Structure formats: structure tokens, C-alpha cells
Amino acid sequence: MKKVLVALTMILGVSFANAQAYSGKDDAKFQIGANFQENGTGIVVTYDYGMGENFSIGASTSYVLGVEEALDADFGNRFDLKARFNANLGSVMQLPDNMDIYPGLNLGLKNFGGHLGTRYFFSDGFGLFAEASVPFAKYKTDDLSPAEELNNQFVFSFGATFNL
């Protein structure tokens with residue numbers, strides 16, 4: 001039994017050592033997860049492509065599914081699409097290769113905002129991510145209805161990330 005535990009530990013150690021959260025230029029990441037916000041929960045999908053040693057660009061889309069009927073939220077209120085820019089700081093902060101922290105900016109259909117996220121890879125291709133985003137400037141400056149606040153407020157996302 002002891003030999004099996006030692007072998008398993010060595011195998012897992014090698015797989016963790018090879019996992020990279022961000023490898024620089026031409027690195028590609030796909031993420032899918034759940035987003036949580038006031039008055040609704042939904043799904044989020046992101047794609048990031050490495051443009052240099054510590055920065056990437058990409059796109060993000062989300063759709064809020066769990067919305068109370070009283071909000072009268074239509075497709076336009078539930079859906080959002082954003083272009084994003086990330087500063088991948090894992091190597092700058094001297095984190096392990098399988099972990100990355102990425103602050104960034106996003107420009108979407110509803111607002112201009114920022115996000116802060118982290119990725120942790122368990123293997124070369126699979127990991128988990130967590131990300132928080134907040135609007136800096138909303139396109140509609142009047143009082144927003146609760147339906148218009150969807151995707152236009154603080155949002156927390158959590159899910160799976162994949163190396164492509």
C-alpha cells in the first residue's frame with residue numbers, strides 16, 4: 001500500500017509540474033462556468049488568447065438564466081458580450097506555473113468595466129477559475145430598472161478552464 005501511495009504522489013507531482021496556467025504568446029484558454037449576481041444566476045463562457053509574455057486578449061459572453069418573472073427581463077437584458085484584455089501576472093508574482101492571477105479590462109454591450117480572476121490547473125489541460133467583474137462606466141446613465149441591472153453590476157463567476 002505504501003508503494004502505491006508513493007507512486008501516485010510521484011505521478012500527480014509530475015502532472016502538477018507540467019500544468020501551466022499561462023504560457024505567454026499563443027496560449028489559448030477556454031472557460032465555462034456559472035455567474036452569480038443580484039436578481040439572477042446564469043452561464044458565462046470566455047476565450048483568452050496570449051499576445052505576449054504577460055498579456056492576453058479575448059471575448060466573454062454571458063446569459064442570465066435564473067431571473068424572477070417579476071423583473072420582466074427580455075433577451076437583451078439577459079445577454080451580454082464583451083471584448084477583454086488581461087494582464088497575466090502569475091509569472092510576475094512568482095506563483096507556481098499552474099496558477100495565474102489576471103486583472104483586466106472589458107468593453108461590453110452594457111458597460112466598460114474591469115475584472116480580477118484566478119486560474120488553477122490540476123493537469124496540463126484542466127483547471128478551475130474564479131473571476132469577479134464590476135462596471136466602471138455604464139452606457140445608460142439614467143436609473144436602471146432591475147432587468148437593466150442584469151449584467152450591469154458586480155458579477156462573480158466560477159467554473160472550469162481548459163488549455164486549448
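Just so you know, these numbers come straight off a predicted model, no measurement behind them. Side-chain atoms are counted along with the backbone in the values below, which use heavy atoms only and exclude waters and symmetry mates.
In this structure, Leu150 and Asn77 approach most closely via the heavy-atom pair CB-O, 3.5 Å. Of all non-hydrogen atoms in Asn86 and Arg119, the two that sit nearest each other are ND2-NH2, 4.3 Å. When every heavy atom of Val67 is checked against every heavy atom of Ala73, the shortest pair comes out as CG1-CB, 4.0 Å. Residues Pro146 and Asn39 come closest through the heavy atom pair CB-ND2, 4.1 Å. Residue Leu81 comes nearest to Thr61 through the heavy atom pair CD1-CB, 4.0 Å, listed as atom of the first residue, atom of the second, then distance.
Inter-residue side-chain proximity for Thr118 and Asp100 is flagged as unmet; no heavy-atom pair is nearer than 4.5 Å. Side-chain contact between Tyr63 and Asn151: absent, with no pair of heavy atoms (C-beta onward) separated by less than 4.5 Å. The shortest distance between side-chain heavy atoms of Val45 and Gln31 does not fall below 4.5 Å. Using a 4.5 Å heavy-atom cutoff, the side chains of Ile43 and Leu65 are in contact. Looking at heavy atoms from C-beta onward, Phe126 lies in side-chain contact with Phe162 at the 4.5 angstrom threshold.
In summary, the side chains of Ser62 and Asp80 do not present any donor paired with an acceptor at a separation below 3.5 Å, with no hydrogens or angles considered. Donor-acceptor pairing under 3.5 Å is recorded for the side chains of Asn152 and Asn111. In this structure, a donor-acceptor pair under 3.5 Å is absent between the side chains of Asn106 and Ser60. Remark: the Asp26 side chain and the Tyr49 side chain contain an N/O donor-acceptor pair separated by less than 3.5 Å.
Each of Val92 and Tyr102 belongs to its own hydrophobic cluster when Ile, Leu, Val, Met, Phe, Trp and Tyr are linked at side-chain heavy-atom distances under 4.5 angstrom. When the side chains of ILVMFWY residues are joined at heavy-atom separations under 4.5 Å, either directly or via intervening members, Ile32 and Phe129 end up in two distinct hydrophobic clusters. No path of Ile, Leu, Val, Met, Phe, Trp and Tyr side chains, each step under 4.5 Å between heavy atoms, connects Phe75 with Val64, placing them in separate hydrophobic clusters. Clustering ILVMFWY residues whenever any of their side-chain heavy atoms sit less than 4.5 angstrom apart, transitively, puts Leu109 in a cluster other than the one holding Tyr139. Hydrophobic clustering keeps Val44 apart from Tyr47 (ILVMFWY residues linked when any side-chain heavy atoms are closer than 4.5 Å, directly or through intermediates).
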Taking it one step at a time, do Phe158 and Phe36 satisfy ring-ring contact (aromatic ring centres under 6.0 Å, His included)? CA-CA 9 Å; Phe158 176 79; Phe36 305 93; 8.1 Å; no
Full working for ring-ring contact (aromatic ring centres under 6.0 Å, His included) between Tyr120 and Phe122: CA-CA 7 Å; Tyr120 183 86; Phe122 298 103; 5.2 Å; yes
The test is side-chain contact (heavy atoms from CB on, under 4.5 Å); show your working for Leu128 and Phe121 and say whether it passes. CA-CA 6 Å; Leu128 296 176; Phe121 277 84; over 6 Å; no
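In this structure, Lys110 does not pair ionically with Glu149, as no charged nitrogen and carboxylate oxygen lie closer than 4.0 Å. Using a cutoff of 4.0 Å between basic side-chain nitrogens and carboxylate oxygens, Glu53 and Lys25 are not scored as salt-bridged. A salt bridge links Lys29 with Asp27: the distance from a Lys NZ or Arg NE/NH1/NH2 to an Asp or Glu carboxylate oxygen falls below 4.0 Å. Arg84 has a carboxylate O that lies under 4.0 Å from a charged side-chain N of Glu131, or vice versa, which qualifies the two as a salt bridge.
In this structure a side-chain-to-backbone donor-acceptor pair under 3.5 Å is missing from Asn54 to Leu89. In terms of modelled atom types and a separation under 3.5 Å, the side chain of Ser133 and the main chain of Gly114 share no donor-acceptor contact. With hydrogens and angles ignored, the 3.5 Å screen pairs no side-chain donor or acceptor of Gln37 with any backbone N or O of Phe154. A donor-acceptor contact shorter than 3.5 Å is absent between the side chain of Lys82 and the backbone of Thr46.
With rounding to the nearest 0.5 angstrom, the NZ atom of Lys138 is 10.5 Å from the CD atom of Glu148. For the atom pair Phe55 CZ and Phe85 CZ, the distance stands at 6.0 Å (nearest 0.5 Å). Considering OG1 of Thr161 and CG of Asp48, their distance stands at 8.0 Å, rounded to 0.5 Å.
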